[in-house]
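What follows is a single structure, written as structure tokens, with notes after it.
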Protein chains: 2
Amino acid sequence: MGGLMRRPTIMDIAKAAGVSKGAVSYALNGRPGVSEQTRGRILAIAHDLGWAPSSPARALSPGGRVGAIGLVVDRPAHSLGLEPFFMQLVSGIETELASSGVDLLLQVTEDMGAEIAAYRRWSAERRVDGVVMVDLRVDDPRVRVVEELPLPAVLLGGPEGADPLPCLYTDDAGAMREVVHYLAALGHRRIVHVAGPEEFVHTRARVGAFLDAAEQAGLGEARSVYADYTGEAGTKTTRRLLATQDRPTALVYDNDLMAVAGLGVAHEMGVDVPSQLSIVAWDDSVLCRLVRPSLTAIARDVVSYGRMAALMLGATIKGGPVEKREVSRGELYPRASTGPLGA
Amino acid sequence: MGGLMRRPTIMDIAKAAGVSKGAVSYALNGRPGVSEQTRGRILAIAHDLGWAPSSPARALSPGGRVGAIGLVVDRPAHSLGLEPFFMQLVSGIETELASSGVDLLLQVTEDMGAEIAAYRRWSAERRVDGVVMVDLRVDDPRVRVVEELPLPAVLLGGPEGADPLPCLYTDDAGAMREVVHYLAALGHRRIVHVAGPEEFVHTRARVGAFLDAAEQAGLGEARSVYADYTGEAGTKTTRRLLATQDRPTALVYDNDLMAVAGLGVAHEMGVDVPSQLSIVAWDDSVLCRLVRPSLTAIARDVVSYGRMAALMLGATIKGGPVEKREVSRGELYPRASTGPLGA
DNA sequence: GCCGTCTGCTTAACCGGTTCAGTTTTCTGT
DNA sequence: ACAGAAAACTGAACCGGTTAAGCAGACGGC
């Protein structure tokens with residue numbers, strides 16, 4: 001494995017410049033204590049030598065940061081790759097981190113116990129300066145664990161149940177009201193909401209808003225059923241719903257994967273979309289535009305969401321105040337999967 | 001941000017046990033130099049204190065490792081989330097790393113220049129002990145860069161063009177021959193291969209095998225067209241192909257995303273799948289099972305691929321010999337998108 | 001009884017940075 | 001010209017581990 005030459009250290013620079021280690025450190029970090037002339041010489045030498053600061057050495061110094069943050073994704077591995085959400089989130093987080101030279105540690109776990117173990121280990125071993133936590137749950141045990149650890153964290157979700165941590169959330173309730181009004185305006189009376197797992201805070205928010213909005217719109221039979229975001233769950237749930245008499249005329253899915261699965265089931269059962277059934281997906285992705293008919297979807301700017309999360313975590317690591325921020329909610333993009341009955 | 005207590009260090013353990021730092025280190029690392037009795041006492045104290053080794057400190061010691069490896073994914077962010085390949089690969093890599101307490105750094109870049117910059121930075125700053133590189137290209141500049149850096153690497157792809165690095169590859173040519181024979185056996189004569197980017201080594205292998213197998217099967221009109229794995233490319237390419245007279249009766253796509261896009265186009269153009277057009281996707285995923293008709297696909301065990309890559313990288317980091325390994329090739333899973341013409 | 005070896009532990013150096021406390025040099029004012 | 005202050009730089013400690021070298025005491029052999 002090539003590269004025989006030793007990595008240059010500030011000591012090498014010091015020798016070449018004929019000054020002490022300390023002077024080099026001041027020069028490289030743009031701090032006072034060296035003349036501009038000397039600073040220039042040192043920077044030039046550092047550049048020539050191809051020097052870069054050793055991240056472990058920096059981290060070890062008193063008050064030093066490791067320059068990395070962590071993200072744990074706790075979803076079954078096989079369903080995972082399909083949700084563009086995570087990769088977009090990662091992409092957004094990194095856009096923000098890139099400018100400050102911070103890296104991202106990613107861990108995929110199968111359950112929350114493993115997720116919590118990861119936070120404990122990262123904190124104890126000083127692997128990261130902080131973490132971004134997704135999918136906030138009701139009475140989330142992670143909040144307590146992280147709170148008593150020396151581990152800054154930003155939650156994606158809330159604001160309910162996020163205290164005392166900083167959090168970032170979208171107005172899911174508002175978006176859901178928009179969806180219900182839209183479907184009601186198209187004439188739909190029997191709408192079912194295929195929700196995510198019941199324990200998620202955002203699931204609660206969506207379900208609550210869905211039922212409220214439905215009642216206000218005078219839809220008697222509206223209800224939410226819980227599923228787990230996987231394609232299989234979408235398939236089974238949809239099959240069950242469409243097999244009832246007085247079957248729903250519109251379905252709202254909490255993610256795109258279940259919506260695509262639902263579309264497949266409708267096709268299989270001979271239920272035409274959209275003339276006999278309207279479908280709305282939460283979280284837009286190429287997937288929604290790729291299938292036929294293309295799916296009406298709520299599109300959030302997940303990349304910005306990730307960027308903002310990274311920004312907030314950075315501030316939290318630096319010791320800033322605990323903020324609770326709301327980002328703009330998703331917009332509804334009507335496509336071919338929704339329409340009036342019988343059209 | 002809670003956690004006020006200082007992290008325990010081996011010095012704390014040493015004081016509590018009434019021995020020196022060195023003795024604690026020997027005890028904790030299972031090395032000779034301490035009595036079994038003392039070792040037991042030290043381990044107990046370490047456990048009580050909730051001690052874990054500081055990763056930066058370990059890395060800084062002469063010959064120390066940082067305990068992390070890196071993976072750069074160089075694809076346009078929006079197309080990315082959809083390919084289950086990467087998340088499955090990550091999942092596989094981590095399965096293997098978990099046992100040894102090694103972490104994964106993930107970076108998403110927009111072009112190869114940024115990818116190379118990431119390797120340089122990781123190596124110079126000592127962020128990782130090694131990297132896994134995907135999508136090997138013809139005359140890949142990354143190979144030279146990594147080779148002359150102090151940065152162990154394992155390539156996914158090859159074995160052509162991988163020298164002098166260790167690599168891991170699948171028999172794409174064999175899998176492609178199987179696909180062509182299968183389609184030929186169904187009676188297809190006009191088959192087009194919608195390939196990935198021309199510069200990838202595995203694209204070359206597949207294209208070469210496709211043309212060879214087609215010629216052997218006596219199919220005159222077989223050809224490959226290059227695309228870039230995105231849904232848009234799949235859409236455009238398919239639209240163009242289906243608009244020709246004497247349009248192909250079977251299409252083989254180099255990834256699942258383009259295949260799904262192609263299916264959508266066929267639907268849109270009123271070309272029935274599979275009676276008028278057969279579709280085969282490379283790389284199976286839930287996506288292929290979700291759409292209607294479900295897609296015939298080549299399924300590789302990507303998780304194992306990732307595990308093996310991590311294993312090889314670990315061996316390379318430890319200074320093992322340069323290995324070139326082949327993993328079992330993908331299997332063909334016939335589903336509803338392929339069949340004899342007019343059936 | 002004395003030498004040599006082994007065991008069990010300590011001491012100290014080292015990794016590559018940061019930073020504080022001094023020390024020397026240069027600048028400023030009168 | 002010279003005191004005093006500011007600027008430029010040095011030396012050493014520190015972060016938390018690992019490890020080579022040194023050393024005291026026990027044990028065995030002859």
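In the text below, chain A, chain B and the rest are named by the order of the sequence lines, each starting its count at 1. Heavy atoms only: backbone and side chains are in, while hydrogens, waters and symmetry mates are out.
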**Report entry** Whole-Å gap separating P (dT19(D)) and CZ (Arg58(B))
**Finding:** 9 Å
Query raised in the report: Thinking salt bridges, do Arg39(B) and Glu36(B) make one under a 4.0 Å N-O criterion?
Result: yes
Report task. State which of dG17(D), dC9(C), dC9(D) makes the closest approach to the side chain of Pro53(B). Result -> dG17(D)
Query raised in the report: Below 4.5 Å, heavy atoms only, C-beta onward: do Met133(B) and Leu155(B) meet side chain to side chain?
Result: yes
Report task. May I ask you to say what Ala52(A) touches in the nucleic acid, namely base, sugar-phosphate or nothing, with a heavy-atom cut-off under 4.0 Å? Result -> sugar-phosphate
Requested in this report: Using a heavy-atom cut-off of under 4.0 Å over every strand shown, decide if Arg126(A) touches base, sugar-phosphate, or nothing.
Outcome: nothing
Report task. Figure out the CD1/C1' separation between Ile42(A) and dC9(D), and round it to whole Å. Result -> 10 Å
Requested in this report: Would you indicate which nucleotide in dC9(D), dG16(C), dG17(D) comes nearest to any side-chain atom of Ala57(A)?
Outcome: dG16(C)
Query raised in the report: Within the structure, does a side-chain N or O atom of Ser61(A) lie under 4.0 Å from either OP1 or OP2 of dT18(C)?
Result: no
Query raised in the report: Quick one: on DNA chain D, does Tyr26(B) or Pro56(B) contact a more 5' nucleotide (nearest heavy atom)?
Result: Pro56(B)
Requested in this report: Taking only the side-chain heavy atoms of Ser20(B) (C-beta and beyond), determine which of dG16(C), dT10(D), dT11(C) contains the nearest atom.
Outcome: dT11(C)
Report summary line: Against the side chain of Val19(B), the closest entry in dG17(D), dT10(C), dC15(D) is dT10(C)
Query raised in the report: Would you say Ser54(A) and Arg7(A) make side-chain contact, with heavy atoms under 4.5 Å?
Result: no
Query raised in the report: For Ser35(B), which contact category applies under a 4.0 Å heavy-atom criterion: base, sugar-phosphate, or nothing?
Result: sugar-phosphate
Report task. Determine the contact category for Thr9(B): base if any of its heavy atoms lies under 4.0 Å from a base atom, sugar-phosphate if only primed atoms, P, OP1 or OP2 are that close, otherwise nothing. Result -> sugar-phosphate
Query raised in the report: Touch check for Ser54(B), heavy atoms < 4.0 angstrom, all strands: base, sugar-phosphate only, or nothing?
Result: sugar-phosphate
Query raised in the report: Where the side chain of Pro62(A) is defined as all heavy atoms beyond and including C-beta, which of dG16(D), dT10(D), dG17(C) is the nearest nucleotide?
Result: dG17(C)
Query raised in the report: When you look at CG of Asn29(B), are more than 12 heavy atoms from neighbouring residues, nucleotides or ligands closer to it than 6.0 Å?
Result: yes
